[in-house]
Each structure stands twice: as C-alpha cells, then as structure tokens.
Number of protein chains: 2
Amino acid sequence: METLSTSTVHLRIASWRKGQAIYRQGDEGRHWYEVVEGFVALCHYFGDGRRQVSRFAGRGDAFGFESGLRQFSAEALTDVGLVGHAFWDDRAPPIDMTPPSGSHPALQRALEAVENTMRLFSYPNAMHRTAAFLLQFSTYCEQPDIIELPMSRQDLADHLGLTMHTVSRSFSELARRSFFILEKPDRLKVLDRSGLEAMVEFEKMQGDDQLVA
Amino acid sequence: METLSTSTVHLRIASWRKGQAIYRQGDEGRHWYEVVEGFVALCHYFGDGRRQVSRFAGRGDAFGFESGLRQFSAEALTDVGLVGHAFWDDRAPPIDMTPPSGSHPALQRALEAVENTMRLFSYPNAMHRTAAFLLQFSTYCEQPDIIELPMSRQDLADHLGLTMHTVSRSFSELARRSFFILEKPDRLKVLDRSGLEAMVEFEKMQGDDQLVA
DNA sequence: CGGGGACTTGATGGTTGTCAAGAAATGTGG
DNA sequence: CCACATTTCTTGACAACCATCAAGTCCCCG
C-alpha cells in the first residue's frame, strides 16, 4: 500500500496501479475503502477457476466490508486512488455507517449496488443483459453519450455470467442495430439511449398492481 | 400488520400468513425486519412482468433496509413471525448495525446473503446452479439430510434465473443420479451430500495462488 | 371423490458455450 | 517512427443447453 498522505491514524489516502490487487480473497480484512479515482473490480474466485465479478466500484463507491477473511479480491482496473478506513479504530468513523435512520451509509449503497447487479440476471438473453449493464455503467461516465469501459471483455463476462465471446457478440449486435458506435473496443458512442432504455424495459418499478399468491 | 405483542415503541413482533405481502415494491419503507419463524422471499418486479427473487430470508435473517421507497416486495412463503424495527426511532437500536468492528451486523449479513446468491450465477448450467442452491439452502433445515422447500418451483426459477421447467428437470436429473430422493416435490432426502459438494466444487476459496493481470 | 393448481415430462427451435481462426489494438525494440 | 510480437477482441461453425409450447401426472383441498 503506497501511502500518499495520512490525515489521521485510521484514514489513509493511497493509490494502486492498474492491474494490482488491493487485497485478495483469503486475506484478513483490516480496512474498507472508498474510491476517489479510477475503477475497482470486486471478484470471487472458485476452486475450479471460475470467477465472479460481483460489482465494479467507481468514484464514490465503497467496498471491502468483510471484517474477517476476505470473500473477494479487489483488483484495480485502472490506476486507482482510494481512501482506506481501518476497522479496528471506531473513534469518529469518517462515514456514517450507523442504522438506517436518516443517513445513507456506505454499506447500504454497497448492498444496493449488488442488488442492481443481480437484476441483470433476470434479463432473458445476453444482448438485453449487456444493454442493461451499459446503461447502469454509463452513470459513471462524464460525457453522457460516451461510455468508456475500464474493464476487459473477460471482466464483463465474469460480471454478466456470460463468456467473453457472447459479450463481444452482444456489443457487435447492439452496434449493428445502431444503438451505439464502437469507436474502440473500450469506448462507445451512444446514438440511441432511449432505444436502449426501451429495450431493457427500464424498471418501471412503480407499484403496478402486482399481486402475491 | 397484525401485532401480537409490543415490547417497546420501535420493536414489534408480528405475524403474517402464507402468501401475504409484508410490504410491496413502491411502498415507503418504515421498518426493517428480522425473521423469527418461517420464510420470506425478497423479490423485484419489472415492468414487463419479470420477477427476480434476490434472496430467501429464514430464521435469523434480516431484510427491508431500503429506507426510501421499497425496491423489493417481501412475500411470506409460509406463515411467518417477524420482529419489526422502526427506522425513524434510533434510540437503543435492538440489533447492532454499527461499523464492522467485531460485531456482525444485520446489514452486513444481508449483503453477504445477496453476494452468495450472485455466486450461483457463475455456475455453468442449470443442474450445477440448482445443486449449489440446495446446498446453500440446506443450512436452514433442521435435519441435515432432509431439505424441505417452502418455495414453489416458480420462486426457485425466479431466484436462479431459469424457468420453472428447467428447475424441475434439474431436480429430476439430480434425483436420477441418486444425489437425493424427491419424497415430495417440496421435500427431498439427501443421499450423497459430498457428491453434491464435489459437483459444485464447493468454494475452496482458500487463497490459492490466483493472480491478477 | 372430484376439481384445480402445481409439478413433471416430451418435442422443438433459439441462444449460448466451445473450438478455432483471424483481425485489431497494444507494447517493445530497433 | 516503424516493424514486429503479444495480447485482446471479433467472428464463424457446430454442438450443447435452455426456453417455449404442449400434454400429462401428481398433489392438495374441498
């Protein structure tokens, strides 16, 4: 951990280089982190080599709440700047993580992020799932119609439960249908955002009269 | 909400009947809940009718942390007993939801539960995914080798990202291979637990030398 | 005992994973 | 700055898997 500056004992700003692991599955957790700059992939490795990317964390997101052994690895997709918070020091926690009475704690946001990811899996096919992901991810991008992807096709595949090939085919198909242009593999220019939103039936979510039993 | 007893202003024990909704997507969240008895499905409805069951909550699990509008519906799969905690009253929170310094707060457990669900999606096919779910769920069952399922095949399908038919076929195939016997559709007797565990390559998770980049 | 819902099973077509090859992008050394 | 090597990405062909449609069976409850 390359410390750049230290404001208090339990709060450190540090940076990692692209490709480095911030921590690994199996490590003992001592800190949780907020992303200041760049992108991090949180992923779980299985014994047989499968990898599950549970979410990508960008500016403002927090991760690393496992206080015992890490269940995930945190991998820097780009050069990354983080604020690290020590678990063992709970004097004046820098972010409110107390019960959900008013404030909006980091842990709750992490839960929502994972739940958002889970929703991707309800889409019927690879193209819809890919489109839904792109819309989700576009909120991280500065220009509204340019999506720059810090992660590889394999990272996306491990996130979406598909293969790299199917992800690539989905991109190509969406581009063929003029939803966007693939300027480079990791940079796409959105032409028809509302078309994408319609395609993924963007979570009307209003309490439409769904009944139980 | 049928109140059975009231211990303080912000903590109520209540029960729901099988099939009832504890709350619905779109409602305003006022409480979070702990399950005392029975099972609850947390599910998200999409505008086009798709349903995603993000997790099942059993005894000891907590749910309902969305303090704004509910993103999920909570549906009672069986008769259910719950402890409800009001958000707006933070005097003496009944369960520790403070930062992860030692204790094991309810919110953190919920995050882990969703992350566990996500791992199911990394399995290559329906049978493996089903087997992995059954092993996960068996921890709720009292007798180690009898799994009683409170949820329907459709609930399972919405949880696993499959159709009811494929879930049913997976059950039949696993039974045909003698991993268990389907005594009834909702009750199965496990014959070969270690075989199931081997099949799903049960999370060795040890920091085996996985490298990044 | 009878009716209705839930579950199971068969047949078929569409989608995705696999295997394989080729194209594009990236990095390196001259 | 260019040539080459390496990695990443794309695309094609084929097989395996799953969703769909359609019956049929089982189970639960009246």
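Letters go in sequence order (proteins before strands), and every chain restarts at 1.
Position along DNA chain C of the nearest nucleotide to K184(A) versus P124(A) favours P124(A) as the more 5'-ward residue. Between S170(A) and P185(A), it is S170(A) whose nearest contact on DNA chain C lies nearer the 5' terminus.
Between T163(B) and dT20(D), a side-chain N or O to OP1/OP2 separation shorter than 4.0 Å is absent. Look at T166(A) and you won't find any side-chain N or O under 4.0 angstrom from OP1 or OP2 of dT16(C).
For R119(B) and E115(B), the salt-bridge test fails: no basic side-chain N is under 4.0 Å from an acidic carboxylate O. A salt bridge links D155(A) to R51(A): at least one charged side-chain nitrogen sits closer than 4.0 Å to a carboxylate oxygen. Using a cutoff of 4.0 Å between basic side-chain nitrogens and carboxylate oxygens, E173(A) and R169(A) are not scored as salt-bridged. The existence of a salt bridge linking R55(B) and D61(B) is excluded, since no basic side-chain nitrogen approaches an acidic carboxylate oxygen closer than 4.0 Å. Using a cut-off of 4.0 Å between Lys/Arg side-chain N and Asp/Glu carboxylate O, E28(A) and R70(A) are scored as not salt-bridged.
N125(A) places its CG atom 10 Å from the P atom of dT20(D), with the value rounded to the nearest Å. Distance, Q154(A) CD to dT7(D) C1': 13 Å, rounded to whole Å. Atom-to-atom, CG of L156(A) to P of dT10(D) comes out at 10 Å; the value is rounded to the nearest Å. Straight-line distance from the CG atom of L182(A) to the P atom of dA25(C): 11 Å, rounded to whole Å. M151(A) places its CE atom 11 Å from the P atom of dC9(D), with the value rounded to the nearest Å. Whole-Å rounding puts the E173(A) CD to dG12(D) C1' distance at 15 Å. Atom NE2 of H128(A) and atom C1' of dA19(D) are 14 Å apart (whole Å). Atom CE in M127(A) sits about 13 Å away from atom C1' in dG14(C), given to the nearest Å.
Among residues at least two apart or in separate chains, salt bridge (Lys or Arg N to Asp or Glu O under 4.0 Å) pairs with a member in residues 136-148 of chain B are E148(B)-R187(B).
Side-chain proximity of S168(B) to dC7(C), dC9(D), dC18(D): nearest is dC7(C). Candidate nucleotides dC28(D), dT8(C), dT10(D) were compared by shortest atom distance to the side chain of R153(B), and dT8(C) ranks first. Distances from the side chain of M164(B) to the nucleotides dT11(D), dA19(D), dT8(C) place dT8(C) closest.
Under 3.5 Å, the side chain of H165(B) and the base of dT20(D) form no donor-acceptor pair of N or O atoms. Between the side chain of R169(A) and the base of dT18(C), a donor-acceptor pair under 3.5 Å is found. Side chain R176(B) to base dT8(C): no donor-acceptor pair is found below 3.5 Å.
Distance alone, capped at 3.5 Å, places no donor-acceptor pair between the T78(A) side chain and the V80(A) backbone.
Using cut-offs of 30° and 60° for the angle between ring planes, the Y23(B) and F63(B) rings count as tilted.
Remark: DNA chain D forms stems of 3 or more consecutive Watson-Crick or G-U wobble pairs, all pair distances under 3.5 Å, at C:1-30 with D:1-30.
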